[in-house]
Structure formats: structure tokens, C-alpha cells
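Beneath this line is the structure, given in C-alpha cells, with notes to follow.
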Amino acid sequence: MRKFLTKLYDFSASWTGTIVIVLFVIFFIAQAFVIPSGSMKDTLLVKDFLFAKKFSYGVPVPRIPWIEQRVLPDFNGNDHLFVADMPKRGDIVIFRYPHDEKIHFVKRAFALGGDEVIFTEKATYLRPSDGDEYIEQNYSQDDIIVLNGKKFVKEPYKFPGIHYDDSVRMFEQMLYYYNAKKLAMTPIKVAELPSVIDGLSQNAFYIKVKDGEFFMMGDNRDHSNDSRFWGSVEYRYIVGKPWFVYLSLDKDYKIRWERIGRFVDTLESDEKIVNMAKKEDEIEGIY
């Protein structure tokens, strides 16, 4: 046993051993990512450097970093070696952009397969596929509303970083994308919601999430390029879950010391940290 351990130590101390160990960690355990845009502000910020747990939702087929080339075949047809728990409603998830697998996105799973989503100006509503009884048992009565004859939950996730930008008319932007055939949601009229644009009967957008897929949205609702535009995300694109921040730099490349070493599930719930994030400039555009 001692001889084996000595050989193992010698191997791990070599350049070859170091590379093998690093690749094993990247392939199966954790991988470093950096937040490139403000779509998750004020929960995650631009230039938050973080590690992601790659085993949270099963183990994806390993790929060589940067070139994103698979090193093993896709045996199961879902781009995962092993399947584990699926993303839950409200989870922050790292996934591959369905239209370009080399790009990684970080968003919140707003809805699951079979759920219904209604979006209007400065509000998003969820109807879980579990039905009325589930809604009554799991959400505050203050948030439950009947829309077009069905019970929905207004803003089901209460994390302090979720917000809208009062200077942005997102409904109008989404209408433009819809007319350009670049929107996954469909405009509808909801009698219980106010008019958004004078003379236009539709005042909301609607989608029912495909079974087995995930509807992703950024916490920075009016600056997020997400499932509202390009649709829900298949399980095959799910990579993992953000774990903790190991470095964070502001726009002037000064270190955000208050974020370093913090687990993401504490960052998203800590109002003091979120309030500090809110002091940073709002971004422009949709990312």
C-alpha cells in the first residue's frame, strides 16, 4: 500500500500527473467561469469569477475547455454520462446556449416543463404544472392571481436581486422581436391586466414550456437575452450550478472584496450584498 501511495504521489507531482488531475477536476467536478454580462445583476455581477459544480444535475459529457470538443461519445443521447436531479424552479443554472453550444449562459430556471408563463411590462407570472392545489399550498395568497381563468403566481421568486429597469419598455422591445420572428412567446390579451400600448388589445406574452425543458430568465429582467426570445432549454445543454466566487472585479478592475469566497446561494439571498451591487451602474441592451 505504501509503495502504491508513493507511486501515486510521484505521478501527481509530475507534469503529466498534474495535467491529468486538472483535467479530471474540470471534466467531472468543477470548472471556472466568468460572468460576462449584466443579465443576472444584482445577483451575479460582470467579472464575477466563479467555480461551477458540474455534478449538480448529472455529469455532462466532458469537453476540452475553450475548443469545447467532446472527449467521450454521447452514450445516452442527452450529452450526460450520468443523470441526477433536474434543475428546480428558482435554481441558478449554467447551460450551453442552444443556438451555439460553445457559449455558456447563466440564468435562473423560472419554469419547468409543462409550466405556463405570462410576461407583461414589469411583471412575470408562473403557473406550475402541478395545478391549483400545489399553488395554494406553496405560494403566498398575496401573490396568487387568476389570469384568463387560471391561477398564476406573480413573481414567485423573492430573491432581492431580481428587478426591472423603469427606463426600459421591454414589452415594446418584445413586440418588435415577435414581429421579426425572433421571439418564443406569443402575444395575448389578459383581461385582468392593464393595457400596455394604447390601441393594442394584446397586453402580455404567453408560453407553455415544453415537457422536459427549462425556461430560463435573467434576474435583470429588462436586460436579459433568455428563454423569452429563443425558447426553453433541453436537459442536454445543462452544465451545472454556480458554486462560489473566487474573484470579483468592478468596471475599474478594483477587487470587490465583499464577494470573494461567497457561495452563490448566500450571495443571492444577502440583501446587504445585493444592495452594494445595486450601486453599480445599470447596463444597457439585452444580454
Side-chain angles (χ1 to χ4, degrees), residues 35-46 48 50 87-95 105-112 115-128 135 138-145 147 152-171 173-174 184-185 193 196 204-207 209 214-230 232-233 241-245 248 256 258-259 262-287:
I35 302 299
S37 73
S39 70
M40 284 296 292
K41 186 181 182 297
D42 299 305
T43 303
L44 297 173
L45 301 179
V46 177
D48 271 350
L50 53 83
K88 300 178 180 61
R89 295 183 187 100
D91 282 1
I92 299 178
V93 182
I94 295 176
F95 59 95
F105 277 8
V106 182
K107 310 284 184 184
R108 192 178 297 278
F110 186 89
L112 309 181
D115 292 354
E116 297 174 68
V117 179
I118 289 178
F119 175 86
T120 189
E121 193 69 60
K122 305 297 178 277
T124 314
Y125 302 83
L126 169 70
R127 177 174 171 79
I135 291 173
N138 289 274
Y139 298 95
S140 169
Q141 289 294 322
D142 293 337
D143 298 328
I144 299 174
I145 182 174
L147 301 176
F152 280 79
V153 184
K154 181 179 181 180
E155 304 297 348
Y157 313 113
K158 303 305 180 184
F159 299 103
I162 297 175
H163 69 285
Y164 298 85
D165 185 347
D166 291 336
S167 68
V168 174
R169 301 285 290 177
M170 191 61 165
F171 186 91
Q173 292 190 40
M174 290 178 64
M185 304 186 81
L193 297 178
V196 179
F205 290 92
Y206 169 85
I207 191 171
V209 184
F214 309 90
F215 189 89
M216 306 294 191
M217 290 184 71
D219 285 2
N220 194 356
R221 295 280 195 254
D222 290 330
H223 295 282
S224 176
N225 178 22
D226 51 37
S227 289
R228 291 171 291 181
F229 298 91
W230 35 257
S232 51
V233 177
K241 189 173 186 177
W243 195 358
F244 68 91
V245 174
S248 185
R256 303 184 184 106
E258 73 279 2
R259 304 181 67 81
R262 299 292 300 268
F263 289 102
V264 172
D265 57 359
T266 63
L267 282 177
E268 67 177 346
S269 302
D270 191 323
E271 290 195 17
K272 180 179 179 181
I273 296 295
V274 170
N275 287 335
M276 294 179 71
K278 289 179 179 179
K279 295 178 182 178
E280 299 201 10
D281 294 339
E282 187 59 272
I283 65 169
E284 296 182 1
I286 299 174
Y287 301 95

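For this chain, numbers begin at 1 and follow the sequence in order.
- At a threshold of 4.0 Å, the pair Glu268-Arg108 counts as salt-bridged, since one of the basic side-chain nitrogens sits closer than that to a carboxylate oxygen.
- Thr124 places a side-chain heavy atom less than 4.5 Å from the side chain of Phe110.
- No more than 12 heavy atoms of other residues, nucleotides or ligands lie within 6.0 Å of CD in Glu284, so this atom counts as exposed by the packing criterion.
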Practice problem: Would you please test Phe214 and Leu112 for side-chain contact (heavy atoms from CB on, under 4.5 Å) and show each step? | Solution: CA-CA 5 Å; Phe214 309 90; Leu112 309 181; 3.7 Å; yes
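- Rounded to the nearest 0.5 Å, atoms CE (Met216) and OG (Ser224) are 11.5 Å apart.
- The aromatic rings of Phe205 and Phe171 are tilted relative to each other, their planes meeting at an angle between 30° and 60°.
- Minimum interatomic distance between Val274 and Leu267 (heavy atoms only, all atoms of both residues): CG2-O, 3.7 Å.
- With Lys107 contributing its side chain and Phe215 its backbone, the two residues share no donor-acceptor pair below 3.5 Å.
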Practice problem: Please step through salt bridge (charged side-chain N to carboxylate O under 4.0 Å, His left out) for the pair Asp115 and Arg89, ending with a clear verdict. | Solution: CA-CA 10 Å; Asp115 292 354; Arg89 295 183 187 100; 2.8 Å; yes
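- Of the options Glu121, His223, Arg221, a side-chain contact (heavy atoms from CB on, under 4.5 Å) to Met170 is made by Glu121 and by none of the others.
- A donor-acceptor pair is defined here as one N or O able to donate and one able to accept, closer than 3.5 Å; no such pair exists between the side chain of Asp91 and the backbone of Val93.
- Ile92 approaches Pro242 most closely through the heavy-atom pair O-CD, 3.3 Å.
- In this structure, Gly90 and Phe159 approach most closely via the heavy-atom pair O-CE1, 4.1 Å.
- The shortest distance between side-chain heavy atoms of Phe105 and Val233 does not fall below 4.5 Å.
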Exercise. Please assess Leu50 against Trp243 for the test side-chain contact (heavy atoms from CB on, under 4.5 Å), listing each intermediate value before the final yes or no.
Key: CA-CA 7 Å; Leu50 53 83; Trp243 195 358; over 6 Å; no
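- Of all heavy-atom pairs spanning Ala111 and Leu126, the tightest one is CB-CD1, 3.7 Å.
- Counting heavy-atom neighbours within 6.0 Å of Lys272 NZ, excluding the residue itself, gives a total of 12 or less.
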Exercise. Run the numbers on Lys122 and Asp222 for salt bridge (charged side-chain N to carboxylate O under 4.0 Å, His left out), then give the verdict.
Key: CA-CA 8 Å; Lys122 305 297 178 277; Asp222 290 330; 3.1 Å; yes
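- When atom types are taken as modelled, the side chain of Asn138 and the backbone of Ile135 share no donor-acceptor pair closer than 3.5 angstrom.
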Exercise. Check the pair Met185, Arg228 against side-chain contact (heavy atoms from CB on, under 4.5 Å), reporting the backbone distance first and the verdict last.
Key: CA-CA 6 Å; Met185 304 186 81; Arg228 291 171 291 181; 3.6 Å; yes
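- The minimum heavy-atom distance linking Pro36 with Val46 is given by the pair O-CG1, 4.0 Å.
- Taking CG of Asn225 as the start and OH of Tyr287 as the end, the distance is 11.0 Å to the nearest 0.5 Å.
- Nearest heavy-atom pair across Ile207 and Ala184 is CD1-O, 3.8 Å.
- In this structure, Pro156 and Tyr125 have side chains that are not in contact, with every pair of non-hydrogen atoms separated by 4.5 Å or more.
- Side-chain contact check for Leu193 versus Leu147: some heavy-atom pair is nearer than 4.5 Å.
- Ring pair Phe119/Tyr164 is tilted by interplanar angle, where 30° to 60° counts as tilted.
- At distances below 3.5 Å, not a single donor-acceptor pair connects side-chain atoms of Ser269 with backbone N or O atoms of Thr266.
- Between atom CG of residue Leu45 and atom OG of residue Ser37 there is a gap of 11.0 Å, rounded to the nearest 0.5 Å.
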Practice problem: Give the intermediate values and the outcome of side chain to side chain donor-acceptor pair (under 3.5 Å) for residues Asn220 and Ser39. | Solution: CA-CA 5 Å; Asn220 194 356; Ser39 70; over 6 Å; no
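- Contact of the His163 side chain with the Asp219 side chain is not registered, since no non-hydrogen atoms from C-beta on lie closer than 4.5 Å.
- The aromatic rings of Phe95 and Trp230 are tilted relative to each other, their planes meeting at an angle between 30° and 60°.
- Between Lys278 atom NZ and Asp281 atom CG the span is 15.5 Å, to the nearest 0.5 Å.
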Exercise. Show your reasoning for whether side-chain contact (heavy atoms from CB on, under 4.5 Å) applies to Met40 and Ile35.
Key: CA-CA 9 Å; Met40 284 296 292; Ile35 302 299; 5.5 Å; no
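- Contact check for Val106 versus Leu44: side-chain heavy atoms found under the 4.5 Å cut-off.
- Between Arg256 and Asp48, at least one side-chain N (NZ, or NE/NH1/NH2) sits under 4.0 Å from a carboxylate O, which counts as a salt bridge.
- Between Ile273 and Arg259, some side-chain heavy-atom pair lies under the 4.5 Å cut-off.
- Side-chain contact between Tyr157 and Ile162 is present, with at least one heavy-atom pair separated by less than 4.5 Å.
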